[in-house]
Amino acid sequence: MDGERGARGGGSPRWWRHGPPWGRGLGGDGQGARWPWPSTLLVTFFVLGGSNYAAHQQVGERAALDPFARALLVIGSGLLLWRHRRPVLVVFGAAAAAMLYLGAGYPYGPVFLPVALACFSAVVAGHRRAAWTALAMLWAGHVLVAHWLYRWLPPSGDAAAPWGQEGVIAAWVVAIVAVSELARTRREQWARERAERARAAQRRADEERLRIARELHDVLAHSISVINVQAGVGLALLDTDPEQARTALSTIKAASKEALGEVRQVLDTLRTPGDAPRAPAPGLDRLPELVAQAAGAGLTVDVEGTAPGLPPGADLAAFRIVQEALTNVVRHSGSRHARVRLDHDADALRLRVDDDGPATGADAGGSGNGLAGMRERAAALGGTIEAGPRPGGGFRVLAVLPLKVKAKEDDR
């Protein structure tokens with residue numbers, strides 16, 4: 001399945017199909033996410049180094065870096081360690097640390113980098129309003145400090161900041177929000193694609209499981225019914241007619257051999273998926289063999305009509321439907337005579353299997369699984385199945401299968 005590994009090929013999934021690694025650990029509460037120690041340390045060192053360089057470039061313009069300034073820088077960057085687990089707390093904490101840093105008159109520099117990363121993590125994790133609010137508060141606080149409170153805040157003698165600078169900062173805020181929203185959208189898209197691939201793989205697995213169940217049911221039900229009838233005949237005639245008992249045992253051997261061969265073919269498709277089958281799937285060309293097997297179970301079958309050329313899937317479905325219908329006659333009908341009629345026109349093949357009854361038990365006409373399997377086979381090809389008592393007595397199965405089967409679209 002398309003889960004943590006690629007479909008049938010094994011190996012690790014490619015990030016451009018399953019989303020980038022940084023997008024997988026960002027949940028709403030961050031449970032199970034790894035602690036981002038390396039990136040947090042790298043950002044902290046970069047912010048400290050960049051701010052120290054900026055302080056040398058802005059000597060006399062801004063306040064000099066002191067232990068309190070460095071503590072604010074470390075706090076703002078160190079909070080990123082919790083950005084996957086507590087994104088809301090981190091984005092507000094980083095914004096508050098940056099606001100205190102700027103309000104104290106310290107040099108401009110990479111102090112905004114932790115805020116940008118915290119905002120990115122919060123938006124990607126789904127806390128959009130918290131991220132927007134934190135950025136809006138930071139920008140509003142900067143406007144307040146730069147244009148009104150600067151008279152009472154360090155450094156002394158500082159002048160009001162130009163309004164053009166506020167436009168640059170606003171553009172910087174909008175850019176952070178845009179990049180974060182784009183990342184969030186892509187992450188949600190990757191999540192939807194992964195979920196859809198998982199559902200498609202589950203559907204394919206369910207369809208394959210049902211197909212194998214139908215195949216095994218049809219093969220085993222028919223063969224075991226023949227074996228059961230012949231075993232009863234052999235036991236009844238073992239002392240009075242040994243030669244007839246020997247014939248019954250030979251029929252049991254042939255039926256069991258054929259059943260083993262067909263079961264082995266079904267199991268081989270499981271062991272080597274994708275390989276061509278070692279033997280062709282049965283079709284209506286093997287109808288005489290089916291009639292002979294039914295005769296071995298004491299059921300006389302008359303066949304009327306001929307089958308047209310069918311696609312492999314429709315040919316197999318038609319064969320299995322006739323096989324299951326005859327099996328039900330052997331198991332559930334008191335009649336020892338059945339009729340199979342094949343009619344077709346340019347569009348559809350009609351299969352009709354009749355017996356004269358009477359029913360020998362409550363399950364007249366067949367078990368629920370058998371009839372359900374026939375209906376599933378017909379429905380998969382766009383056909384229909386009608387099964388029920390005949391007006392004059394007995395039971396009838398009527399299948400209509402289209403001659404042109406529409407290919408099903410592959411799951412994506």
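Keep in mind it's a predicted model, so treat the numbers as computed, not measured.
Annotation: side chain of Val400 is not in contact with side chain of Glu386 (no heavy-atom distance under 4.5 Å). Inter-residue side-chain proximity for Tyr101 and Pro107 is flagged as met; some heavy-atom pair is nearer than 4.5 Å. Residues Phe120 and Ile176 are not in side-chain contact: their nearest non-hydrogen atoms beyond the backbone lie 4.5 Å or more apart. For the pair His344 and Leu342, the minimum side-chain heavy-atom distance is 4.5 Å or more. Using a 4.5 Å cut-off on side-chain heavy atoms (C-beta onward), Met374 and Leu351 make no contact. Looking at heavy atoms from C-beta onward, Arg375 lies in side-chain contact with Leu371 at the 4.5 angstrom threshold. Taking the side chain as every heavy atom from C-beta outward, Phe395 and Ser333 never approach each other to under 4.5 Å. Side-chain contact between Trp132 and Glu181: present, with at least one pair of heavy atoms (C-beta onward) separated by less than 4.5 Å.
Using the six-membered ring where Trp is involved, Trp82 and Trp35 have ring planes that are perpendicular, over 60° apart on the 30 and 60° scheme.
Rounded to the nearest 0.5 Å, atoms OG1 (Thr133) and CG (Leu138) are 12.5 Å apart. Interatomic distance, CZ of Arg184 versus CZ of Arg128, reported as 4.0 Å (0.5 Å rounding). To the nearest 0.5 angstrom, His332 atom NE2 is 9.0 Å from Thr327 atom OG1. Put simply, CG on Asp345 and CZ on Arg350 are 5.0 Å apart, with the number rounded to the nearest 0.5 Å. Annotation: the span from Leu81 atom CG to Thr40 atom OG1 amounts to 5.0 Å, rounded to 0.5 Å. From Asp285, atom CG reaches atom CG of Leu310 across 10.0 Å, with rounding to the nearest 0.5 Å.
Arg336 and Val330 make their closest contact through NH2-O, 3.6 Å (heavy atoms, listed as atom of the first residue, atom of the second, distance). Scanning all heavy atoms of the two residues, the minimum distance from Leu80 to Pro114 falls at CD2-O, 3.6 Å. Nearest heavy atoms, Ala131 versus Ala122: CB-CB, 4.0 Å. A pairwise comparison of heavy atoms in Ala130 and Phe92 identifies O-CZ, 3.7 Å as the closest pair. For the residue pair Ala94 and Leu79, the shortest heavy atom distance occurs at N-CD1, 3.7 Å. Considering every non-hydrogen atom in both Ser51 and Leu65, the closest pair reads O-CD1, 3.6 Å.
Listed for the Asp315 side chain is a donor-acceptor partner under 3.5 Å among the backbone atoms of Leu284. With Arg396 contributing its side chain and Asp354 its backbone, the two residues share no donor-acceptor pair below 3.5 Å. For the pair Gln58 (side chain) and Tyr108 (backbone), a donor-acceptor distance under 3.5 Å is present.
Under the 6.0 Å distance and 45° angle rule, Arg194 does not count as a cation-pi partner of Trp190.
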Go through the steps for Thr44 and Leu41 under the test side chain to side chain contact (heavy atoms under 4.5 Å, CB included), then give the verdict. CA-CA 5 Å; Thr44 302; Leu41 291 175; 5.5 Å; no

Apply side-chain hydrogen bond (donor to acceptor under 3.5 Å, both in side chains) to residues Arg199 and Gln202 and explain how you reach the verdict. CA-CA 5 Å; Arg199 287 193 294 268; Gln202 184 62 44; over 6 Å; no

Could you go through the side chain to side chain contact (heavy atoms under 4.5 Å, CB included) check for Val111 and Leu72 one step at a time? CA-CA 9 Å; Val111 64; Leu72 289 175; over 6 Å; no

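Counted within 6.0 Å of CD on Gln189, heavy atoms from surrounding residues, nucleotides or ligands total more than 12; the atom is thus considered enclosed. Around atom CZ of Arg129, no more than 12 heavy atoms belonging to other residues, nucleotides or ligands sit under 6.0 Å away.
Between Glu196 and Arg192 no salt bridge is recorded (no basic side-chain N to carboxylate O distance below 4.0 Å). With respect to the salt-bridge test (charged N to carboxylate O, under 4.0 angstrom), the residues Arg204 and Glu207 do not qualify. With respect to Arg352 and Glu304, no salt bridge is recorded, no charged nitrogen being found less than 4.0 Å from a carboxylate O. Between Asp355 and Arg390, no side-chain nitrogen of the basic residue sits less than 4.0 Å from a carboxylate oxygen of the acidic one, so the salt-bridge criterion is not met.
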